[in-house]
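Here the structure is laid out as structure tokens; the discussion comes afterwards.
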Amino acid sequence: MTHPAREFATEVVERLRREGFQSLFAGGCVRDLLLGREPQDFDVATNATPEQVRDLFGRRRTLAVGASFGVMIVLGPDHVQVEVATFRKEGPYHDGRRPASVAFCEPEQDALRRDFTINGMFYDPLESRVLDYVHGETDLAAGVIRAIGEPRERFREDKLRLLRAVRFAATLEFELEPRTAEAVREMAGELLVVSAERIAQELRKMLSHPHRRRAMRMLDECGLLAVVFPELPDDPASRERAGERLHLLPPKSGFELGLAALLSELPVTAIVRPICRRLKLSNHETNRIVWLVEESSTLDEAATWSMARLKRLFAHPDSRQLLQLARAQRLAQGRDLHAILHCEEFLARTPPEELDPPPLLTGNDLIGLGLSPGPAFKDVLEQVRDAQLNGEIDSADAAILLARQLGGGESG
Ligand code: ATP
Ligand code: MG
């Protein structure tokens, strides 16, 4: 079994060790290896300074992304990269998010600055040995998210940890250790000192995860949901329906579908769009979310739609997600699925190339007929397109004939 990132990270550890430095895998990758999951990325911790890391691997193979915090990136083959960070302890926090300074130190202190015990372990890949100064292995085995040290103090330093606590508990199906949970509940309101971008980044991870319902429920229980989404109605029934929608989406659904499902009972212009703006989502994300929420309510009428209308909708790249959302919505409300099944039957019997076939008539053709661009022009094009999609015409000649009847003569 080859695993390029892991192999390269092991090489980096070896190389540092040969030069006489300490070096270990650290943090999230150790947690994931112990859980038997594929780490997303490998972090190496060492007592070599960033300059020494740079000298050892060479300027061309290193990036000084956070050298002042002791962090270097070492570039490997095939776009693999490993973060190599000098063991560090952090100075005081002033802004609720980042330490004012860092100092290089021993591995034990480096473990103590990390957020949760399961994220605070080191692993020696050369000797297959775990170095655990924070009893992370016990908590990993018990399924517990526990702040390292005094929970309140750790959350006071960095409020993003409030969301991280819930994310790890939800996605790993762990429980928050009671004192950690209590501190999250007590300090939930302080999350807002964290930038919208960082909050959104955590939401992306939670809402795209198969356990998105658990994540939102846990956020709700500790008061964070109301801080991130004060617009969500406070009544238990609507929270319950939101949870069901999240649960009913396919496990692998993306962030946009997840957020659309959470917000789908709310008005788009007054609430959904402003939420996207506040979270500083990308335009692409915002447009997808808004489209999904808006269109999902129109699907109720789908059984009465023309072929053209159905084809236009399902030519949209996100229409499959729209069906997922609409299905979850209706099931959560205890409504029937007629409209959804109608759409699915339509999709099942319609070859994909028929959803958006090349047009029989273009704007240029209309100009050739003597029509000049304007509202009527657009209207003729749309009607001819509808006739094509409805199967009423199937040749360029028929399209031109229809265009003439519709108004090609008027301004010609
Ligand atoms: P994932 O990559 O799945 O989000 P992770 O635990 O690897 O989880 P990263 O953000 O990649 O998270 O951080 C790597 C490690 O750095 C963490 O495991 C933890 O030890 C430490 N860490 C990250 N963010 C914080 C934080 N806000 N406070 C304290 N330690 C942190
Ligand atoms: Mg990571």
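In listed order, ligands and their atoms are each counted from 1.
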For this session: Of all the heavy-atom pairs spanning Arg213 and Gly243, show the shortest one and how long it is.
Result: CD-O, 3.2 Å
State the atoms of ligand 1, each with its element, that fall below the 4.0 Å cut-off from a heavy-atom position in [X].
X: Gly27; result: 18 (O), 20 (O)
X: Asp158; result: 26 (C), 27 (N), 28 (N)
X: Lys205; result: 4 (O)
X: Asp43; result: 14 (C)

For this session: Spell out, as yes or no, whether a donor-acceptor pair under 3.5 Å connects the side chain of Gln109 to the backbone of Glu106.
Result: yes
Problem set entry | Electrostatic pair Arg335:Asp300 at N-O distance under 4.0 angstrom | yes
For this session: Using a strict 4.0 Å threshold on nitrogen-to-oxygen distance, state whether Glu11 and Arg15 make a salt bridge.
Result: no
Short N/O distance, under 3.5 Å, between [X] and ligand 1?
X: Asp32; value: no
X: Arg114; value: yes
X: Gly28; value: yes
X: Arg154; value: no

For this session: Please identify each residue that fulfils salt bridge (charged side-chain N to carboxylate O under 4.0 Å, His left out) with Glu392, with sequence neighbours left out.
Result: none
Specify the protein heavy atom at minimum distance from [atom]: its residue, its atom name, and the distance to 0.1 Å.
atom: atom 2 (O) of ligand 1; value: Gln40 OE1, 4.0 Å
atom: atom 23 (C) of ligand 1; value: Arg164 NH2, 3.2 Å
atom: atom 11 (O) of ligand 1; value: Asp41 OD1, 4.4 Å
atom: atom 30 (N) of ligand 1; value: Asp115 N, 3.2 Å

Exercise. What is the name of the N/O/S atom in Asp41 that sits closest to the Mg ion (ligand 2)?
Worked result: OD1
For this session: Check if Glu157 has a non-hydrogen atom at a distance under 4.0 Å from any atom of ligand 1.
Result: no
Exercise. Heavy-atom contact under 4.0 Å between Arg113 and ligand 1?
Worked result: yes
For this session: Look at the rings of His3 and Phe42 and say which category their plane angle falls in: under 30° parallel, 30 to 60° tilted, over 60° perpendicular.
Result: perpendicular
Exercise. Once the angle between the rings of Tyr133 and Phe122 is folded into 0 to 90°, is it parallel (under 30°), tilted (30 to 60°) or perpendicular (over 60°)?
Worked result: perpendicular
Where on [X] is there a heavy atom closer than 4.0 Å to ligand 1, on the side chain, on the backbone, on both, or on neither?
X: Arg167; answer: side chain
X: Phe168; answer: side chain
X: Leu160; answer: neither
X: Asn119; answer: both

Exercise. Does any donor atom in the side chain of Arg204 or Gln201 lie under 3.5 Å from an acceptor atom in the other side chain?
Worked result: yes
Exercise. Do Thr117 and Arg146 have side-chain N/O donor and acceptor atoms under 3.5 Å apart?
Worked result: no
For this session: Please list, chain by chain and in numerical order, all residues satisfying side chain to side chain contact (heavy atoms under 4.5 Å, CB included) with Arg129, sequence neighbours excluded.
Result: Asp124, Glu127, Leu131
For this session: Please say whether more than 12 non-hydrogen atoms of neighbouring residues, nucleotides or ligands are located less than 6.0 Å from CG in Asp394.
Result: no
Exercise. Counting only heavy atoms not in His209, do more than 12 fall under 6.0 Å of its NE2?
Worked result: yes
For this session: Determine, considering heavy atoms only, which of Arg37, Arg31, Arg161, Lys159 sits nearest to atom 28 (N) of ligand 1.
Result: Arg161
